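Following: one structure in structure tokens, then a few remarks.
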Amino acid sequence: MSDVAISGRTAPQPPDLRASYLRDLQRRRLYSGLLLALFALLFVSGFMLADDRNAGGFWDGLPKVFDFPSELVAEAVEKAANLPGHFVRYFPSLLETINIAAASTLVGAILASVISMLATRGLARWPALIPLFRRIMDIMRAVPEVVIALVLIFVLGGGPVAAMIAIAFHTTGALGKLFSEVNENADLRPVEGLASVGSTWTQRMWFAVLPQVAPNYLSYGLMRFEINIRASAILGFVGSGGIGYDLRNAMSWGKGRYDEVAAIFILLLTTIVIVDQISSHYRNRLVRGV
Amino acid sequence: MALSATGLDLRSEASTLFRRKRLISIGLPALVLAYFVYIFFSFDIAGIAERARPDNARILLSDTYSFKTHVTRNNRSGDFTVAIEGETKGTYAPGVAPDWVSLNGEDADVRLDAGSVVRFRGDMVIVDLPDFGTIELISAGGDIEMKLPTDEVPEWISASATRVSLTLPAGRVQVTRSKSEVFRYEGGWELFFFTLDSPFHGRSFGELASLAVSPEEIVPGKPNAVAMVEGFWTNTMWRHGDVFWALCETVLMAFLGTFGAGMIALPIAFLAASNFTPARPLRFAMRRIFDFLRGVDGLIWTIILSRAFGPGPMTGALAILLTDTGSFGKLFSEALENVDDKQIEGVRSTGANALQRHRFGVMPQIVPVLISQLLYYFESNTRSATVIGAIVGGGIGLLLTQAISTQKDWEEVTYYIVLIVLMVMAMDTLSGWLRRALIKGGQ
């Protein structure tokens with residue numbers, strides 16, 4: 001790792017090349033060694049601190065890691081006959097989780113494409129406001145979904161809308177950054193061509209920029225959809241509808257009812273795998289243009 | 001698309017293409033619109049209007065930038081208490097009050113804003129409003145008696161036999177059988193720097209600055225600057241010290257999870273890369289393990305792990321570690337498959353053994369990818385650690401959910417949100433800076 005970790009400058013035409021090279025190498029090794037030692041120190045002390053603040057210790061918990069999964073599997077096998085029924089029962093909430101992810105990805109992508117165009121040099125409607133829109137995207141990206149979701153639940157009173165707005169907010173910031181990188185590579189000649197015939201800003205973006213960037217937008221949007229499905233399940237667990245909420249309820253029934261938990265795990269896992277597969281298939285096609 | 005030889009074919013092909021594009025440019029937006037219509041009904045967005053609680057939104061908003069001070073008269077004992085937000089931590093010492101309250105034994109005067117005054121006279125509360133008149137509220141034992149200057153009861157007064165409440169621009173007056181209370185709203189975050197019991201409370205910034213450098217000790221045995229920092233750090237209302245440690249705990253979760261995953265994933269990634277592991281079944285097995293770790297979502301890992309390790313930051317770190325081992329394994333093995341063989345050949349030609357070939361032929365090629373991915377994940381995991389912290393009960397995520405569940409400490413929620421955003425942005429800057437320093441320097 002030493003070769004890359006720390007910069008080494010080569011002296012201009014040294015009298016003794018070998019000695020200066022060795023000196024350089026030694027210094028580089030020293031720096032990388034120090035960096036690695038610092039990292040190791042941070043990691044070990046961090047581990048001990050986290051272990052200390054945890055309710056159960058790491059070494060005590062390690063042998064118990066498989067207790068819960070094996071209990072879960074045992075119960076699921078024992079009550080395998082119940083599973084299809086559970087699948088049917090929890091399918092609507094699974095659909096809600098997927099809908100939250102899809103709607104928030106769509107809303108986020110639409111907002112992100114507008115705000116990213118406003119924040120790209122050469123495309124911006126108001127070039128003076130580019131730094132402002134960039135800051136807005138940074139802040140939107142930095143807010144974790146759970147923060148907005150919990151505050152909105154208080155105001156809107158539960159339901160999928162709070163989760164949808166929360167995820168869409170974060171998605172706008174995250175996609176906005178990626179989209180504006182795509183925008184920077186867009187060819188400006190079509191934009192100028194349209195501008196010369198007196199088109200409005202919206203027309204220029206819609207007809208000159210969007211066709212160029214659409215494949216990349218779609219590809220990033222699909223990737224975000226994968227992430228948002230997971231986010232929407234987690235938000236449900238913290239308290240806002242969908243399959244996550246059912247999962248928390250099923251967990252609270254405790255021992256003897258773990259077949260429901262197993263059914264939800266299977267549903268969630270299958271959905272994530274299927275969406276990942278479909279999305280990576282289409283992303284490959286979009287990016288490679290096959 | 002292959003070009004056809006004849007012009008006629010070209011023409012029909014072009015018009016097919018145009019037709020397809022036209023269909024897409026109209027059909028796609030229509031499809032999106034249709035989906036939104038479906039969402040509108042499926043999420044019952046129309047019903048939100050009735051389910052939404054605008055009064056909650058008002059409480060939330062006003063609480064984020066203002067606070068209220070309660071002046072309470074216990075109608076049984078006749079004692080007065082003055083407390084910020086009605087909390088024990090913010091209660092003024094007996095007989096002490098802010099300058100807009102004057103206490104004299106059984107009586108008290110509370111100035112709300114220019115002109116409106118609330119006077120406590122024994123069991124009677126007199127509210128003087130300049131543009132309305134004088135309201136008298138008497139709570140002697142039985143029902144509450146109200147005397148108004150007009151015959152009609154205005155809509156900002158809600159009155160029943162047991163409880164009368166006046167909502168005024170600068171505050172609220174509420175009289176029940178057991179107590180008479182005045183709430184006065186003020187802008188700002190109350191007691192943000194020092195609590196009432198601190199000797200530094202109520203001093204201006206200029207005063208504090210000059211105190212900090214003056215040799216005269218307000219807290220005996222401590223220089224003023226140290227005492228101030230201590231007073232701020234241990235502020236019982238805002239708990240700045242605890243909040244700081246919670247932020248550290250969140251970063252710690254992300255740090256342990258990300259870099260632990262990197263350390264585990266790197267050796268295994270060699271087993272999943274086709275140019276390093278010729279055995280197909282082994283490669284296949286490794287890749288499926290990565291897919292499994294990634295596919296079983298962080299949420300499921302968190303639940304399974306908190307059963308074994310109990311709540312706390314270690315559980316959160318391990319959940320991040322497991323998910324990211326899958327992601328890193330995939331990324332690293334892809335990076336390894338793209339390694340240039342020429343460099344390895346070159347190292348081999350000098351007679352290097354397998355270990356040296358990996359060290360000098362392979363590592364220099366993949367370390368930049370590795371570091372940049374690790375740092376990118378570190379930054380994004382700081383955000384995930386906030387959410388996971390809310391589930392496993394560690395870090396700032398725990399404080400945030402606690403503050404939200406009380407449904408009244410919105411100024412604290414705002415404070416935490418601001419800190420979280422700053423933390424994530426700081427991590428973003430730090431990871432960008434490290435990435436540039438570590439990768440650019442090496443090339």
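Lettering follows sequence order; numbering is per chain, from 1. In this text, all values refer to a predicted model and were calculated from it rather than measured experimentally.
Leu268(A) touches chain B through its side chain: at least one heavy atom from C-beta onward sits under 4.5 Å away, while N, CA, C and O do not. Using a 4.5 Å cut-off between heavy atoms, Leu62(A) touches chain B through backbone and side chain atoms alike. Contacts of Val421(B) with chain A are made by both backbone and side-chain atoms, with heavy-atom separations under 4.5 Å. Both the backbone and the side chain of Ala57(B) come within less than 4.5 Å of a heavy atom of chain A. Residue contact with chain A, scored on non-hydrogen atoms closer than 4.5 Å, is absent for Tyr416(B). Contacts of Ile48(B) with chain A are made by side-chain atoms alone, with heavy-atom separations under 4.5 Å and no backbone atom involved. The part of Phe68(A) that comes within reach of chain B is its side chain, from C-beta onward, which places non-hydrogen atoms under 4.5 angstrom from that chain. Using a 4.5 Å cut-off between heavy atoms, Met164(A) contacts chain B through its side chain alone, with no backbone atom that close. Neither the backbone nor the side chain of Leu72(A) comes within contact range of chain B, judged by heavy atoms closer than 4.5 Å. Looking at Val65(A), the atoms closer than 4.5 Å to chain B (heavy atoms on both sides) sit in the backbone and in the side chain alike. For Ile388(B), no part lies near chain A; criterion is any non-hydrogen pair under 4.5 Å. Of the atoms belonging to Phe47(A), heavy atoms from both backbone and side chain fall under 4.5 Å from chain B. Looking at Met263(B), only its side chain comes within 4.5 Å of chain A, counting heavy atoms on both sides. Contacts of Ser384(B) with chain A are absent, with no heavy-atom separation under 4.5 Å from either backbone or side chain. The parts of Ala102(A) that come within reach of chain B are both its backbone and its side chain, each placing non-hydrogen atoms under 4.5 angstrom from that chain. Using a 4.5 Å cut-off between heavy atoms, Val261(A) does not touch chain B at all. Ile110(A) touches chain B through its side chain: at least one heavy atom from C-beta onward sits under 4.5 Å away, while N, CA, C and O do not. Of the atoms belonging to Leu150(A), heavy atoms from both backbone and side chain fall under 4.5 Å from chain B. The contact between Ile304(B) and chain A is made by backbone and side chain atoms together, counting heavy-atom distances below 4.5 Å.
When all heavy atoms are compared, the tightest approach of Ala162(A) to Ala149(A) is CB-O, 4.1 Å.
The backbone N or O of Leu318(B) lies less than 3.5 Å from no partner atom in the side chain of Trp301(B), so there is not a single donor-acceptor pair. Counting only distance, with no hydrogens or angles, the side chain of Ser306(B) and the backbone of Pro311(B) share no donor-acceptor pair below 3.5 Å. A donor-acceptor contact shorter than 3.5 Å links the side chain of Gln212(A) to the backbone of Ala208(A). At distances below 3.5 Å, not a single donor-acceptor pair connects side-chain atoms of Asp428(B) with backbone N or O atoms of Val424(B). Although no hydrogens or angles enter the test, the distance criterion places a donor-acceptor pair under 3.5 Å between the side chain of Arg383(B) and the main chain of Arg141(A).
In the model, Asp297(B) has no side-chain atom that pairs as donor or acceptor with a side-chain atom of Thr323(B) under 3.5 Å. Side-chain polar atoms of Asn99(A) and Tyr35(B) form a donor-acceptor pair below 3.5 angstrom.
Chosen from Glu96(A), Arg248(A), Arg53(A), the residue pairing most often with chain B at heavy-atom distances under 4.5 Å is Arg53(A). The choice from Pro144(A), Pro211(A), Ala231(A) that makes the most heavy-atom pairs within less than 4.5 Å of chain B is Pro144(A). By number of non-hydrogen pairs under 4.5 angstrom with chain A, the leading residue of Thr302(B), Ile391(B), Leu305(B) is Ile391(B). Each of Val143(A), Val238(A), Leu235(A), Leu106(A) has some count of heavy-atom pairs under 4.5 Å with chain B, and the biggest count is that of Leu106(A). Residue with the most contacts toward chain A among Ile303(B), Val413(B), Leu400(B), Ile417(B): Ile303(B) (heavy-atom pairs, distance under 4.5 Å). The residue among Asp67(A), Asp52(A), Val161(A), Val273(A) with the most heavy atom pairs within less than 4.5 Å of chain B is Val161(A).
In the displayed structure, Ile26(B) atom CD1 is contacted under 6.0 Å by at most 12 heavy atoms of other residues, nucleotides or ligands. Around CZ of Arg288(B), the count of heavy atoms belonging to other residues, nucleotides or ligands within 6.0 Å exceeds 12.
For Tyr258(A) and Trp253(A), the gap between ring centers reaches or exceeds 6.0 Å. Annotation: Phe259(B) is in aromatic contact with Phe255(B) [ring centroid separation under 6.0 Å].
A heavy-atom distance below 4.5 Å is found between the side chains of Arg307(B) and Met251(A). In this structure, Val151(A) and Ile148(A) have side chains that are not in contact, with every pair of non-hydrogen atoms separated by 4.5 Å or more.
A salt bridge does not link Glu226(A) with Arg230(A): every distance from a Lys NZ or Arg NE/NH1/NH2 to an Asp or Glu carboxylate oxygen is 4.0 Å or more.
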